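Residue numbers begin at 1 in each chain, while the letters A, B, ... track the order of the sequences. For clarity, every value in this text was computed on a predicted model and none was experimentally measured.
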Amino acid sequence: MRIVTWNINSLRLRLPLLERLVLELSPDIVCLQETKVPDELFPHAAGPALGYPHVVHRGMKSYNGVAIFSRLPIAPVDTAPDWCLRNDRRHLAVTVQARSGPIELHDFYVPAGGDIPDASVNPKFAHKLAFVEEVTRHFAAAPPHPRILVGDLNIAPLEHDVWSHRQLLGIVSHTPGEVERLLAWQQSGFVDAMRHFVPAGQKLYTWWSYRNRDWRLSDRGRRLDHVWVTPDLVPALQGITVHKEARDWPAPSDHVPVMLELDA
DNA sequence: ATGGTCGACAATCGA
């Protein structure tokens, strides 16, 4: 089974790039973030046209929004609360019937958190920390189940998840407070599937800012997108692909797709 | 230290 996560940064604008992703990676399931489309304007023809008859989406006007496209039947899971009581469309969960049995799949878009890494003066940063703390409590209390969690978590936890650990320690996405919280969330019951395949000492990025003339040359990337699995799924892990080519597609997203291959 | 570029949507806001 192939599962892709991608912050597409506007689904409607980049529908042609979604088609290209499908042609190049042939995923069974695609989890999107930042769809930026309200549910009533969701492009309903896109899923079936691309070979994904099963589509769920939670969107809103202008911001946020998540969607899951699937070749396999999926059933929505409605056990999560309204995170931080904001109704801001950052999470979708479904159950996938794999050969090995049902797997719960979670698609997250964690708040970016604004520019100033101080919760007392920056409400967006406070929201980010509170969001991660709340989801951590939720998963820590959840009954054991085979789970896959993917998405744009907007935190790069490890030294080599950023282009310069020293220069980014005070930059939102890599501050110690964010890293500590992200790792606590991960330790609520998940294994980092990307680092299962790529050693922690090796640079690994999924996002490169638009604000660089030549993203590949400067290579000032961060690993903001993640794929986690519960320990029972570790023996089924087959591989991880960071589709860097997508950063050079016409009018690209600033995030690239990450694909998990699973024997399940 | 600063500014650099995107997308949505119509003046900025969020990233």
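For A/Arg14, a side-chain nitrogen or oxygen approaches OP1 or OP2 of B/dG7 to under 4.0 Å. Dashed line: the shortest gap from a side-chain N or O of A/Ser209 to OP1 or OP2 of B/dT5 is not under 4.0 Å.
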Between A/Leu182 and A/Gln187, does the side-chain contact (heavy atoms from CB on, under 4.5 Å) criterion hold? Intermediate values first, please. CA-CA 9 Å; A/Leu182 188 78; A/Gln187 286 153 17; over 6 Å; no

Full working for side-chain contact (heavy atoms from CB on, under 4.5 Å) between A/Leu13 and A/Leu11: CA-CA 6 Å; A/Leu13 184 69; A/Leu11 172 60; over 6 Å; no

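Separating the NE2 atom of A/His255 from the P atom of B/dC6 is a distance of 14 Å, rounded to the nearest angstrom. Note: CD1 (A/Ile171) to P (B/dT2) measures 12 Å, nearest angstrom. Rounded to whole angstrom, the span from the NZ atom of A/Lys124 across to the P atom of B/dG14 amounts to 4 Å. One atom, CG of A/Asp225, and another, C1' of B/dA15, lie 13 Å apart when rounded to the nearest Å. In this structure, A/Leu13 atom CG and B/dG7 atom P are separated by 6 Å, rounded to whole Å. In this structure, CH2 of A/Trp215 is placed 18 Å from P of B/dT5, rounded to the nearest angstrom. Per the geometry, CG belonging to A/Asn9 stands 12 Å off P belonging to B/dC9, to the nearest Å. B/dG14 atom C1' lies 13 Å from atom CH2 of A/Trp207, rounded to whole Å.
Separating the C1' atom of B/dC9 from that of B/dC13 is a span of 10 Å, rounded to the nearest Å. When the C1' atom is compared between B/dG4 and B/dA15, the two are found 14 Å apart, to the nearest whole Å. B/dT2 and B/dG7: their C1' atoms are spaced 23 Å apart (whole Å). A gap of 22 Å separates the C1' atoms of B/dG3 and B/dA8, to the nearest Å. B/dC6 and B/dA10: their P atoms are spaced 22 Å apart (whole Å).
Ring geometry, A/His91 versus A/His106: the interplanar angle falls under 30°, so the pair is classed parallel (tilted spans 30 to 60°). Ring pair A/Phe69/A/Tyr52 is perpendicular by interplanar angle, where above 60° counts as perpendicular and below 30° as parallel. The aromatic rings of A/His57 and A/Phe42 lie parallel to each other, their planes meeting at an angle below 30°, with 60° marking the opposite boundary.
Side-chain proximity of A/Lys36 to the nucleotides B/dA8, B/dA15, B/dT5 is greatest for B/dA8. Here the nucleotide nearest the side chain of A/Lys61, chosen from B/dA15, B/dA10, B/dT5, is B/dA10. For A/Arg211, the side-chain atoms get nearest to B/dA15 when compared with the rest of B/dG14, B/dC9, B/dA15.
Judged by closest nucleotide on DNA chain B, A/Ala251 is the one of A/Asp115 and A/Ala251 placed further toward the 5' end. Between A/Leu11 and A/Asn212, the residue anchored nearer the 5' end of DNA chain B, judged by the nucleotide with its closest heavy atom, is A/Asn212.
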